[in-house]
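Quantities reported herein were computed from a predicted structural model and do not represent experimental measurements.
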Amino acid sequence: QVQLVESGGGLVQAGGSLRLSCAASGRTFRTYAMGWFRQAPGKEREFVARITWSGGSIYYADSVKGRFTISRDNAKNTVYLQMNSLKPEDTAVYYCAAGTNSNLPRQYDYWGQGTRVTVSS
């Protein structure tokens, strides 16, 4: 069993940066791939980035490539999402998830409650 708690969301101007954190509880955290997803109002949840348990494989959605960086610290049971050059279209609730290394939400077993990111123009 893994419990996930996101933090770090907020209001930022376009071009700014935020760093999201996802703290996990549970001894099996380091065995899971971790993903970040987001959901904007009226839209489906979409993949943002994922990282394998070792950190050796990382993948980004085209919309965030070059601007966002995912990382993890297994010693701290935490995964991060550094978001730079933010755009208004990045506005969404961001969720971290633990599961299989995939872009598909259904491949993830555990989800956090989400943290809201609002980017003003």
What residue pairs, at least two apart or across chains, pass disulfide bond (SG atoms under 2.5 Å apart) with a residue in residues 15-105?
C22-C96

Disulfide bond (SG atoms under 2.5 Å apart) pairs, two or more places apart, involving residues 25-65:
none

Flag the pair T118 / V12 as yes when at least one side-chain heavy-atom distance between them is below 4.5 Å, and no otherwise.
no

Tell me, please, which residues at least two apart from T31 pass side chain to side chain contact (heavy atoms under 4.5 Å, CB included).
T28

Nearest 0.5 Å, please: how far is CG in L18 from CZ in F68?
9.0 Å

If every non-hydrogen atom of Q107 is compared with every non-hydrogen atom of S102, which pair is closest and at what distance?
CG-OG, 3.3 Å

Contact check, side chains of W36 and V79, non-hydrogen atoms, under 4.5 Å
yes

Connecting only ILVMFWY residues whose side-chain heavy atoms lie within less than 4.5 Å of each other, what is the rest of Y80's hydrophobic cluster?
none

Should M83 and D90 count as side-chain neighbours, where that means a heavy-atom distance under 4.5 Å?
no

Mind checking salt bridge (Lys or Arg N to Asp or Glu O under 4.0 Å) for R116 and listing every partner two or more places apart, or none if nothing turns up?
none

Contacts of K65 that satisfy side chain to side chain donor-acceptor pair (under 3.5 Å) - sequence neighbours left out
D62

Minimum side-chain heavy-atom gap T91-V117 below 4.5 Å
no

Which residues satisfy the side chain to side chain contact (heavy atoms under 4.5 Å, CB included) test with Q82, sequence neighbours excluded?
S17, R19, T69, N84

Set of ring pair (Phe, Tyr, Trp, His ring centres under 6.0 Å) partners for Y32, sequence neighbours left out
Y110

Are V5 and L20 grouped together when hydrophobic residues (ILVMFWY) are joined by side-chain heavy atoms under 4.5 angstrom apart?
no

Other hydrophobic cluster members with Y59, side-chain heavy atoms of Ile/Leu/Val/Met/Phe/Trp/Tyr under 4.5 Å, chained?
F37, F47, V93, Y95, Y108, W111

Identify, with sequence neighbours excluded, every residue that meets side chain to side chain contact (heavy atoms under 4.5 Å, CB included) alongside S120.
L11, Q13

Using every non-hydrogen atom in the two residues, find where A14 and S121 come nearest and quote the distance to one decimal.
CB-CA, 4.4 Å

State which residues pass side chain to side chain contact (heavy atoms under 4.5 Å, CB included) with A92; sequence neighbours excluded, sorted by chain then number.
R38, A40, Y94

Qualifying residues under side chain to side chain donor-acceptor pair (under 3.5 Å), relative to N103, sequence neighbours excluded:
R50

Does E6 use its side chain to pair, donor to acceptor, with the backbone of Q113 at less than 3.5 Å?
yes

Look at the side chain of S85 and the backbone N and O of R67, then say whether any donor-acceptor pair between them is shorter than 3.5 Å.
no

Looking only at non-hydrogen atoms, find the nearest pair between S21 and T78 and report the distance.
CB-CG2, 4.3 Å

With rounding to the nearest 0.5 angstrom, report the CD to CG distance, Q3 to N77.
12.0 Å

Distance in Å, R72 CZ paired with W53 CH2, rounded so as to fall on 0.5 Å steps:
9.0 Å

Of all the heavy-atom pairs spanning G9 and T115, show the shortest one and how long it is.
N-OG1, 3.1 Å

Would a 4.5 Å heavy-atom cut-off, applied to side chains only, mark N101 and M34 as touching?
no

Evaluate whether atom CD of E46 has more than 12 neighbouring non-hydrogen atoms of other residues, nucleotides or ligands under 6.0 angstrom away.
yes

